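What you see is a predicted model, and the numbers here were worked out from it, not measured in a lab.
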Amino acid sequence: MTNKLVTLDDFTINQTRQFPKATGQLSSILRDISLACKIINKQVNKAGLVDIIGQFGATNIQGEEQMKLDVYADEALINVLKRSEHCAGIASEENDDFVAFEDEFSVNSKYVVLFDPLDGSSNIDVNAPIGTIFSIYKRVSELGQPVTADDFLQDGTKLMAAGYVIYGSSTMLVYATRLGVNGFTLEPSIGEFCLSHPDMQMKEDGNIYSLNQGNTIKFEEATCQFLQYCMEEHKEEKRPYSHRYIGSMVADLHRTLIKGGIFLYPADKKNKSGKLRLQYECNPMSFIVEAAGGMSSTGTQRVLEVQPIELHQRVPIYIGSKNMVKKAISFIEEQA
Ligand code: P6P
């Protein structure tokens, strides 16, 4: 039996064929993003060897010191997407404002891309998994003109596609459209992302909770009650839930997507909007989790329905197996 390798290109072209009106432009942007991530992957894999670790010295808009790899990844994505025929502009978690591509091709391109070029970069020095997160929207501004801020402040329900690359024990690209979620593993010997996790589904229930328990002192009462619930003995498991936290959203959510569970970064007494960014982390990951049958909430509303006001705004997030997210929200509703 031949187990034919299905590359990312094979797969996206085949998906395009299901839509007679599709132009293949989305597939082309996915191909461009996968190229940039292969370039990033090369550096991530040898970070310990190359003088690439160590504070770059600059700080990004979040006031976080930029690791050299953050800057490298940001530039790799911008350079590839600037040359893409179908991307009119980008916004990056590492850059203060969006970037309009003003050449004659780009001003007539239909899509914009937002990305967190290297999420979890504080894990680089300890060789823990890190990732790239991306979102693809159809522009709302007039074709033929440079993109505007409105193109990057669309809510998550307007997403055309979203995905991530996790640089871990293997390098995987996972992306979602309305047709579902599919995972591709990089085969280094041929430099291709090959289909390895078709039609990924999020379990309705789980027994893993993932949050930074170090913030407990700042947690609101509802979060403390949910934490207490996770640590009680549960009938099926005959034990408390397991706590897993890598401190890299892509890695924690990739595990949640595969094993089930809940990831939460709630608001707390100090940070009323939590820590994670709506446009660069929460919306793309929520789009993927919902496409896989999971749920994602701010605690009071669906993450994808939050109307972005500011490019770098943050939201609280409870995301993962539907029944676990509902349970977490029930404690917030009781408090309200
Ligand atoms: P903390 C990484 O810096 C990140 O943005 C996410 O990838 C991760 O989930 C979170 O922050 C970790 O934050 O406060 O637990 O270190």
Side-chain angles (χ1 to χ4, degrees), residues 6-19 21-41 73-95 98-119 131-141 143-144 146-148 150-152 154 156-166 171-184 186 191-195 250 279-280 283-285 287-288 291:
V6 176
T7 67
L8 178 64
D9 279 357
D10 295 334
F11 188 85
T12 53
I13 290 164
N14 182 40
Q15 282 223 321
T16 305
R17 285 204 185 109
Q18 296 180 42
F19 293 93
K21 285 192 303 207
T23 59
Q25 294 190 14
L26 204 53
S27 313
S28 163
I29 290 187
L30 275 170
R31 187 180 313 120
D32 294 330
I33 292 171
S34 72
L35 170 63
C37 292
K38 284 186 242 181
I39 294 167
I40 296 166
N41 181 60
D74 194 41
E75 288 171 3
L77 280 156
I78 293 174
N79 292 337
V80 166
L81 289 167
K82 195 182 284 182
R83 289 197 306 270
S84 161
E85 295 159 49
H86 306 301
C87 178
I90 63 98
S92 165
E93 192 239 356
E94 291 298 330
N95 299 1
F98 67 88
V99 178
F101 299 150
E102 306 205 357
D103 61 277
E104 59 173 318
F105 267 119
S106 301
V107 293
N108 289 296
S109 298
K110 271 183 4 186
Y111 295 100
V112 293
V113 179
L114 291 87
F115 51 80
D116 180 352
L118 212 58
D119 177 70
T132 297
I133 309 174
F134 60 88
S135 307
I136 304 174
Y137 288 93
K138 206 171 271 182
R139 65 186 290 183
V140 294
S141 57
L143 276 178
V147 291
T148 66
D150 290 345
D151 293 312
F152 302 94
Q154 300 180 64
T157 63
K158 309 292 191 314
L159 276 162
M160 297 301 290
Y164 59 83
V165 173
I166 178 168
T171 298
M172 267 193 77
L173 182 146
V174 174
Y175 87 91
T177 62
R178 276 172 189 71
L179 287 178
V181 185
N182 292 279
F184 302 78
L186 183 64
E192 289 284 0
F193 282 105
C194 299
L195 184 64
V250 170
Q279 290 304 78
Y280 300 109
N283 260 339
M285 297 312 269
F287 182 82
I288 295 164

Check your understanding: Roughly how far, to the nearest 0.5 Å, is the CD1 atom of Ile90 from the CZ atom of Phe115?
Key -> 4.0 Å
**Study point:** Shortest non-hydrogen separation from Ser141 to Val147 and the atoms involved
**Key:** OG-CA, 3.8 Å
Check your understanding: Taking it one step at a time, do Asn95 and Ile78 satisfy side chain to side chain contact (heavy atoms under 4.5 Å, CB included)?
Key -> CA-CA 11 Å; Asn95 299 1; Ile78 293 174; 3.5 Å; yes
Check your understanding: Below 4.5 Å, heavy atoms only, C-beta onward: do Thr12 and Leu26 meet side chain to side chain?
Key -> no
Revision key, fill the gap. Closest non-hydrogen contact found for Ala100 with Pro146 is CB-CB, 4.2 Å
Point to revise | For the student: nearest non-hydrogen atoms of His86 and Ser28, plus distance | key: CD2-OG, 3.1 Å
Practice item. State, with a plain yes or no, whether a side-chain heavy atom of Val113 is found less than 4.5 Å away from one of Tyr111. Key: no
Review point. Which pairs with one or both residues in residues 100-116 pass salt bridge (Lys or Arg N to Asp or Glu O under 4.0 Å), sequence neighbours excluded?
Key: none
**Study point:** Worked check of side chain to side chain contact (heavy atoms under 4.5 Å, CB included) between Phe101 and Val112
**Key:** CA-CA 10 Å; Phe101 299 150; Val112 293; over 6 Å; no
Check your understanding: Should Phe193 and Thr171 count as side-chain neighbours, where that means a heavy-atom distance under 4.5 Å?
Key -> yes
**Study point:** Worked check of side chain to side chain contact (heavy atoms under 4.5 Å, CB included) between Leu30 and Asp9
**Key:** CA-CA 9 Å; Leu30 275 170; Asp9 279 357; over 6 Å; no
Review point. Do Phe134 and Leu77 come within less than 4.5 Å of each other through their side chains, counting heavy atoms only?
Key: no
Practice item. Could you tell me whether the side chain of Val80 reaches within less than 4.5 Å of the side chain of Ser84, counting heavy atoms only? Key: no
Point to revise | Student check: side-chain heavy atoms of Leu8 and Tyr175 closer than 4.5 Å | key: yes
Study note, to complete from the structure: Looking only at heavy atoms, the pair that brings Ser92 and Pro117 closest together is OG-CD, 3.6 Å
Exercise for review: Rounded to the nearest 0.5 Å, what's the gap from CG on Leu186 to CD1 on Ile166? Could you check?
Suggested key: 13.5 Å
**Study point:** Any side-chain heavy-atom pair of Asp119 and Tyr164 under 4.5 Å
**Key:** no
**Study point:** Nearest-0.5 Å distance that lies between atom OG in Ser135 and atom CG in Leu159
**Key:** 5.0 Å
Review point. Phe11 vs Phe184 aromatic rings, parallel, tilted or perpendicular, using cut-offs 30° and 60°?
Key: perpendicular
Exercise for review: With rounding to the nearest 0.5 Å, note down the distance linking CD1 in Ile133 to CD in Glu93.
Suggested key: 8.0 Å
Check your understanding: Under a 4.5 Å cut-off applied to non-hydrogen side-chain atoms, are Asn14 and Asp10 in contact?
Key -> no
Practice item. Over 60° means perpendicular and under 30° means parallel, so classify the ring planes of Phe98 and Phe152, tilted if in between. Key: parallel
Point to revise | Inter-residue atom distance Arg83.CZ - Phe105.CZ, 0.5 Å rounding | key: 14.0 Å
Practice item. Please confirm whether the backbone N or O of Ala161 pairs with a side-chain atom of Thr177, one donor and one acceptor, at under 3.5 Å? Key: no
Review point. Is there a donor-acceptor pair closer than 3.5 Å between any side-chain N or O of Gln279 and the backbone N or O of Gln154?
Key: yes
Check your understanding: Where the side chain of Lys38 meets the backbone of Gly191, is there a donor-acceptor pair that is under 3.5 Å apart?
Key -> yes
